Amino acid sequence: MKLKKKHFFQLHSWIGTRLSILFFIVCFSGTLATLSNEMDWLFFPEIRAKPQTELINKNVIVENVREKYPNGKIQYWDLTEESYLCDIIYVGIDGKRTYVFANPYTGEIQGSTNLTFQRFFRDLHYYLFIPFQIGHFTVLIFGFLLLISLITALYFYKKWWRKLFELQTGKGRLVLFRSLHRLVGLWSIPFTILFSITGIWYFVERTNIGGISDEVNPSSPELTYNAEKQSQENISYTVDYARASAIAKKEIPGIKIGTLLPPTSLENPIYVTGKSDVPLVRKRANRVYLDPITYETVKVQKAEDISTAMWLNDIADPLHFGYWGGLITKFIWFIFGLGISGLILTGIWITLKRQAVKRKTKRKPVMGIWRYINWGIFIGFVAFMYTILITRYHISSQALITITFGWLVFLFIAYYIFHYRLKKSIWSKECK
């Protein structure tokens with residue numbers, strides 16, 4: 001059967017409505033994730049830092065962490081790329097993780113939380129809080145669906161390049177939404193391609209097609225354990241982080257330290273990553289592994305020496321979330337992310353209104369069984385989300401109330417626009 005314009009249009013509409021709720025949540029959560037660090041700055045005064053010319057010795061920060069959390073262990077140290085933010089040190093205490101805000105200029109421990117906005121929106125966007133890899137693959141499928149939506153739209157929008165500046169007004173709400181949907185969609189083409197291609201790359205990496213995941217994610221080297229060289233004290237507090245950083249800078253000239261990972265045992269090296277002069281790649285494109293006892297270099301990976309596959313893997317995140325160019329690119333990615341999220345909303349409205357008019361004469365509900373599939377999946381992942389937030393992150397009751405309020409606002413807006421207003425719009429049309 002030869003595919004016609006209407007077939008591409010039907011496929012485009014099917015993708016946009018049948019899984020509309022999940023599609024919007026995936027896109028919108030990714031949009032918010034681009035500015036999640038800035039949201040932390042806005043809602044957590046303790047994470048704010050006043051930029052200064054000199055950074056304090058990292059070991060001073062460690063001593064302050066040890067004084068405040070004597071029974072804790074440093075699991076991960078994320079050094080800020082933004083001068084207005086504190087470093088975030090992940091401290092494990094009795095099986096619980098605490099995100100500690102350490103001022104990189106003064107060494108002061110300014111506060112802590114069990115969950116940041118950055119972590120919440122990244123988890124939501126990465127796997128919808130659904131465990132067992134199901135959530136990851138559910139999200140990654142939308143990379144393919146987003147690309148198919150773009151291709152089908154360009155096929156049935158003939159000579160679309162002539163409509164880059166066309167917005168029809170004064171002809172009713174439906175015509176306005178159709179025109180706005182097309183206009184925003186055309187201007188978002190580069191970002192739609194970028195988001196879908198990087199999403200497909202994540203799928204290839206996670207499924208390890210062609211062994212790509214094994215190639216781009218090399219394992220950490222193991223060391224020979226020697227119990228005589230160091231007592232069994234908390235290794236994370238005894239590591240000389242300043243020395244480790246200095247050695248990493250010698251191994252990779254010009255590197256700006258991005259993360260520090262202390263070893264979990266003396267069989268594991270100190271792991272240091274950072275940004276170098278190589279553009280676009282994320283911090284872990286540069287890696288330095290050090291012996292935790294002798295501080296001898298065990299292994300070095302430089303961004304300029306990595307393979308093409310590793311380079312593609314290490315530019316995926318900066319390009320997908322837009323943080324490669326600092327605050328400016330974050331805002332650009334955020335705006336176009338809002339645009340693509342808006343495409344989903346206007347597309348849903350256009351399609352549902354068309355379907356509602358047709359189905360009303362047949363007395364069938366709009367979207368049919370897909371309505372219940374959407375809401376069923378939504379209820380399922382929300383249940384997983386609360387379970388993980390309570391059992392893994394141990395969030396406070398205040399954070400729980402805030403998150404619940406956000407979802408209630410989302411549900412109210414969805415009901416108001418796509419049920420109440422849609423029904424009222426159809427009713428008004430019939431009265432005329």
Side-chain angles (χ1 to χ4, degrees), residues 5-28 30-32 142 145-193 195-196 331-361 365-367 370-371 374 409-432:
K5 178 180 176 180
K6 69 175 184 179
H7 296 131
F8 284 92
F9 178 78
Q10 290 170 349
L11 179 58
H12 182 84
S13 300
W14 189 93
I15 291 173
T17 56
R18 294 305 186 271
L19 293 173
S20 52
I21 295 176
L22 284 181
F23 208 165
F24 176 77
I25 290 173
V26 169
C27 289
F28 191 60
T31 299
L32 295 178
F142 284 99
L145 295 179
L146 186 60
L147 185 60
I148 294 172
S149 295
L150 173 62
I151 294 172
T152 53
L154 293 179
Y155 185 86
F156 66 75
Y157 279 142
K158 295 297 183 181
K159 299 181 180 179
W160 51 267
W161 54 89
R162 295 183 179 179
K163 302 174 183 178
L164 284 169
F165 301 97
E166 180 181 293
L167 179 63
Q168 296 178 335
T169 58
K171 297 182 180 180
R173 187 172 298 167
L174 184 58
V175 174
L176 174 62
F177 280 170
R178 285 176 179 172
S179 181
L180 183 63
H181 183 83
R182 179 175 60 242
L183 184 64
V184 174
L186 292 176
W187 282 98
S188 301
I189 287 175
F191 288 87
T192 303
I193 294 174
F195 296 149
S196 59
F331 271 115
I332 294 173
W333 261 242
F334 178 77
I335 294 300
F336 280 95
L338 285 180
I340 294 174
S341 300
L343 284 176
I344 299 171
L345 296 180
T346 54
I348 294 170
W349 173 272
I350 294 167
T351 304
L352 291 188
K353 187 167 185 179
R354 184 186 301 109
Q355 290 180 351
V357 173
K358 291 180 180 179
R359 288 176 177 265
K360 191 169 182 63
T361 59
V366 176
M367 287 181 66
W370 283 97
R371 167 187 289 189
N374 265 270
V409 170
F410 168 78
L411 292 173
F412 173 77
I413 294 174
Y415 171 82
Y416 179 77
I417 295 176
F418 298 110
H419 180 79
Y420 176 76
R421 292 298 303 176
L422 183 63
K423 189 175 181 180
K424 186 176 180 180
S425 174
I426 296 170
W427 181 83
S428 300
K429 184 176 182 180
E430 288 182 345
C431 290
K432 294 179 181 179

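Everything numeric here is computed off the predicted structure, so don't read it as measured data. Residues take their numbers from the sequence shown, with the count starting at 1.
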Identify the two heavy atoms, one from [X] and one from [Y], that lie closest to each other, and give their separation to 0.1 Å.
X: I350; Y: H181; answer: CD1-CB, 4.0 Å
X: L343; Y: G185; answer: CD2-N, 3.4 Å
X: W160; Y: L186; answer: O-CD1, 3.4 Å
X: T17; Y: I348; answer: CG2-CA, 4.2 Å
X: T31; Y: L338; answer: CG2-N, 3.6 Å
X: G339; Y: V184; answer: O-CG1, 3.5 Å

Is the F165-W187 ring centre distance short of 6.0 angstrom? yes
Once you measure the plane-to-plane angle for F191 and F195, does it fall in the parallel (<30°), tilted (30-60°) or perpendicular (>60°) bin? tilted
How long is the span from the [atom1] atom in [X] to the [atom2] atom in [Y], to the nearest 0.5 Å?
X: I21; Y: F410; atom1: CD1; atom2: CZ; result: 6.0 Å
X: L19; Y: L145; atom1: CG; atom2: CG; result: 7.0 Å
X: W14; Y: H7; atom1: CH2; atom2: NE2; result: 16.0 Å
X: T192; Y: I340; atom1: OG1; atom2: CD1; result: 3.5 Å
X: E166; Y: L180; atom1: CD; atom2: CG; result: 12.5 Å
X: I189; Y: F336; atom1: CD1; atom2: CZ; result: 11.0 Å

Check against side chain to side chain contact (heavy atoms under 4.5 Å, CB included), F23 and L146: CA-CA 9 Å; F23 208 165; L146 186 60; 4.1 Å; yes
Can you confirm whether more than 12 heavy atoms, excluding those of F28, are under 6.0 Å from its CZ atom? no
Considering residues, nucleotides and ligands other than F177, do more than 12 of their heavy atoms fall under 6.0 Å from its CZ? yes
Flag side-chain contact, heavy atom, 4.5 Å: I15 against T152: no
Residue pairs meeting salt bridge (Lys or Arg N to Asp or Glu O under 4.0 Å), one or both in residues 331-340, sequence neighbours left out, come to none
Backbone of V175 reached by a side-chain donor or acceptor of S179 within 3.5 Å: no
Taking S341 for the side chain and G337 for the main chain, is one N or O donor matched with an acceptor at less than 3.5 Å? yes
Can L176 and L167 be said to form a side chain to side chain contact (heavy atoms under 4.5 Å, CB included), step by step? CA-CA 7 Å; L176 174 62; L167 179 63; 4.2 Å; yes
With side chain to side chain contact (heavy atoms under 4.5 Å, CB included) as the criterion, how do R178 and Q168 come out once you've worked through the C-alpha distance, each side chain's angles and the decisive distance to 0.1 Å? CA-CA 9 Å; R178 285 176 179 172; Q168 296 178 335; over 6 Å; no
Checking side chain to side chain contact (heavy atoms under 4.5 Å, CB included) for the pair C27/I344: CA distance, chi angles, key distance, verdict? CA-CA 9 Å; C27 289; I344 299 171; 3.6 Å; yes
